[in-house]
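Down below is the structure, laid out as structure tokens.
Residue numbers begin at 1 in each chain, while the letters A, B, ... track the order of the sequences.
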Amino acid sequence: MIPGGGSYLDGLNDIQRQAVTNTEGPVLVVAGPGSGKTRVLTYRIAHIIEKGAAPWQILALTFTNKAAREMKERIEKVVGARANSVWAGTFHSIFARILRVEADKIGYPSNFTIYDSDDTKSLLSTIVKEMNLDKSVYNINTIRSRISSAKSNLITPRLYAENDELKTQDRMAKMPLVHEIYGKYTARCKRAGAMDFDDLLYRLYELLQSNPDNVIEKYRNKFKYVLVDEFQDTNHLQYSIVRKLVNYDKSLRNICVVGDDAQSIYAFRGATIQNILDFEEDFKKYNIKVFKLEQNYRSTEHIVQAANEVILNNRRQIQKKIWSDKGQGNKIKVIKAMTDNEEGKRVADTILEQKNRFHLGNSDIAILYRTNAQSRIFEEYLRRYNIHYRVFGGLSFYQRKEVKDMIAYLRLVVNQNDEEALRRVINFPKRGIGKTTIEKLSKIADATNQTMWECLPAVPASTRAKNSMGEFRKMIMSAKQRVDTANAYELATYVAKRSGLIDLMKADTSIEGMGRLENINALLDGINAFVEEDNLIDTESIPDKSLASYLQNIALLTDFDDKNNNGDFVTLMSVHSAKGLEFKSIYVVGLEENLFPSAMALDSKDGLDEERRLFYVAVTRAEQFLTLSFANSRYRFGKMRFNQASRFLEEIPPIHIESTGYIRSKSPANQAHQGARIVGNFKKPRTAQSSRLMVDPSTFKPNAPDEIQVGMKILHMKFGEGKVLSIDGGKDNRVATIFFQGVDNPERRIMLRFAKLQILN
DNA sequence: GTTGGTATCTGTGGA
DNA sequence: AGATACCAAC
């Protein structure tokens, strides 16, 4: 393909093309929702390759594995298999890969363990316990987030201890010793050869900062082109690393960041829009180019305009006009329900109706909620209606107990100093090593600055416990000896048997027990697939099929990364995880004060703005249909709570909202009484004709749905007289095809359960 | 050390 | 409501 004349450039609009072809020097792309951002990114990379750069000189950082995978697939379509050598991945996975190579330079083993948030929490709770602190005061999650944000802002335990502001905050929260916990936590992680998610970023920064053996040179020379997706969601630490890689003396500064300030939804974990402003400032003198993608190719106008109006309520934003030429489309439908249960039913009803009426497939539809706990009721009704669905973001496969147990064994084989893994399996299956022994072990380890594993032979304990620990040690060692000769799959199978896990599970013949065994087998299959899969990322490096590499890989996977995500199902997920996705029909549910916006966000303007951006993200996922719902009451924390409708509903101008179903009122209290009876009818875009009533309501007497039969002449409120041509579907789901005279599109498919039809003969 | 039952706590989002 | 921590009895 000839650069500049390639066919892949033809399908781009002017601005997109400029963003793709201006490959040299710093570029900021401000990309509104549905503006073809991924296209621009992938074509840009393809273009860079077409112009002669080697794929492995390109670094593309994303937030999710999914985004990375999608990008690679799309690059591959343009440039072929070379795409596999592009360094495209999440911040965490790319950095882990680099750290694996450079680990020794910062005092880590290359087979370091990655602690997930459970490991982090469990370690923190051990530390809090050991310090004899009250854990009802020293809330683990609070501590975790304090430490996380410290790392994200390049604050070491030492700097933390010297920071008056942070310490005052801690004192006010009645936990003055957070800095000490942070210090201990960091030391324990290091001793265990473990990095938590933040460390994957922080330790890389540290490496580039201290720069032993001028290691930074290697990566600066290697990565000639750097791209960052979802730049609005990067935190200070992430940008600091990027800056280290591209902003130095002789740098070509081929850096492209893509983002949308209006879609920044991760401030709570340290992301800052400041990065976009800083970026412009940092690269101003290097002829930075800014491109704004403002045309939305995804949604119809009512949706786009409603989103625009809502986001106007936020302060501070980059000026842009998002527009669509897809026509007005459908107005937004609002469902109000009395209870959370009714909300579930009404949403499911509407989905059913929409499927029949507009021939939508399940996969065209998504239900988005603020918190994962909301999924249950929708699941119930979808199941009842026999609509296939899939819930994302719950417990991922790798978080299941039996899978974690198995993985803990593998982690221990790879890295004996991994304390969280050791704690998890030292007495599972039960081998008589109890709490007191483990506590003793932990104390001695801490006192002698060794790991628990190292203290294992020396800890005073009962003969039985001693023997057990000896056996345990032997087992891990025997597996460890095979690390070099056996591949990851063989090794894992060996461990599964030798540890007694398999036998333990086989002994349990309950349904759940068999499920657990299945999961272990699925895990083993997964390891096998990993061994056989050809995952060359870099032509320079040999594929790494070691167990350590596998473990580091899966530590960064989430629920979304399961491969079998194709099929015709309705998608249920949190709004956060829906970012980047699009569906023909979107349901945003639970639009109530204290839920969406979340109660935690209500006390600050910043928090509220972020909630509003989150709502903006939710709304802009919709291509054609947008349905918003809320319930006046819902069960939370085991108690019934009453909430008013979300303020975001009020922020949508009424002209974008379908007139039925939702009576707008300044007094939400009144709505409760009016709302319950109003049944949702999903309407096509209204033409002048179809909105006119054909029948006098006072004389109209609808018959029961099951009385309607093929061949009957019937009367419909809006379409007038019609003849029933056929009926399909059974029981509650009967859909009639009816011919109405004098209506455009005279053949209508009507769901009998909802339609009011009067039999005429 | 292990088991099972009760008390207590928690409760946004995700790599 | 559900998960987890804690405690008493075996």
A:F268-B:dG13 aromatic stacking (under 5.5 Å, under 30°): yes
Is any side-chain nitrogen or oxygen of [X] closer than 4.0 Å to OP1 or OP2 of [N]?
X      : N      : answer
A:N65  : B:dG14 : no
A:S598 : B:dG13 : no
A:N141 : B:dG11 : yes
A:S574 : B:dG14 : yes

[X] [atom1] to [N] [atom2]: how many Å, rounded?
X      : N      : atom1 : atom2 : answer
A:I114 : B:dG14 : CD1   : P     : 19 Å
A:K121 : B:dT10 : NZ    : P     : 11 Å
A:K579 : B:dG13 : NZ    : P     : 16 Å
A:D196 : B:dG14 : CG    : P     : 18 Å
A:E610 : B:dG14 : CD    : P     : 13 Å
A:R641 : B:dT10 : CZ    : P     : 15 Å
A:K151 : B:dG14 : NZ    : P     : 20 Å
A:E230 : B:dG14 : CD    : C1'   : 13 Å

Touch class at under 4.0 angstrom, heavy-atom based, for A:F91 against every strand present: nothing
Sugar-phosphate, base or nothing in reach of A:Y266, heavy atoms under 4.0 Å: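 Sugar-phosphate, no base atom in range.
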Counterpart residues, side chain to side chain donor-acceptor pair (under 3.5 Å), relative to A:S148 (two or more places apart): A:D198
For nucleotides 1-6 of chain B, which of its nitrogen or oxygen atoms have a protein nitrogen or oxygen under 3.5 Å away, and what is each distance?
residue, atom, partner, partner atom, Å
B:dG1, OP1, A:T437, OG1, 2.3
B:dG1, OP2, A:T436, OG1, 2.6
B:dG1, O4', A:R464, NH2, 3.4
B:dT2, OP1, A:G432, N, 3.1
B:dT2, OP2, A:N427, ND2, 3.2
B:dT3, OP2, A:K430, NZ, 3.4

Pairing residues for A:D116 by the side-chain contact (heavy atoms from CB on, under 4.5 Å) criterion, not counting sequence neighbours: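 Applying side-chain contact (heavy atoms from CB on, under 4.5 Å) to A:D116 gives A:D118, A:D119, A:F197, A:K404.
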Could I get a table of every N or O pair under 3.5 Å where one atom is in the protein and the other is in nucleotides 3-6 of chain C?
residue, atom, partner, partner atom, Å
C:dA5, O3', A:K135, NZ, 3.3
C:dC6, OP1, A:K135, NZ, 3.3

Partners passing ring pair (Phe, Tyr, Trp, His ring centres under 6.0 Å) against A:F583 (at least two apart in sequence or in another chain):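 By the ring pair (Phe, Tyr, Trp, His ring centres under 6.0 Å) rule, A:F583 matches no residue at all.
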DNA chain B: 5'-proximal contact among A:N139 and A:R144 (nearest heavy atom):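 Result of the comparison: A:N139.
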Any residue meeting salt bridge (charged side-chain N to carboxylate O under 4.0 Å, His left out) with A:R647, in chain and number order, not counting sequence neighbours: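 By the salt bridge (charged side-chain N to carboxylate O under 4.0 Å, His left out) rule, A:R647 matches A:E593.
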Salt bridge or not between [X] and [Y]? Use side-chain N to carboxylate O under 4.0 Å.
X      : Y      : answer
A:E130 : A:K184 : no
A:E342 : A:K345 : no
A:D609 : A:K605 : yes
A:D229 : A:K37  : yes

Parallel, tilted or perpendicular, as decided by the 30° and 60° cut-offs, for the rings of A:F91 and A:F95: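 Perpendicular.
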Ring geometry between A:Y266 and A:F63 (parallel below 30°, tilted from 30 to 60°, perpendicular above 60°):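 Rings of A:F63 and A:Y266: parallel, under 30°.
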A:R269 (side chain) and B:dG14 (base): donor-acceptor pair under 3.5 Å: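 Check passes, donor-acceptor contact within cut-off.
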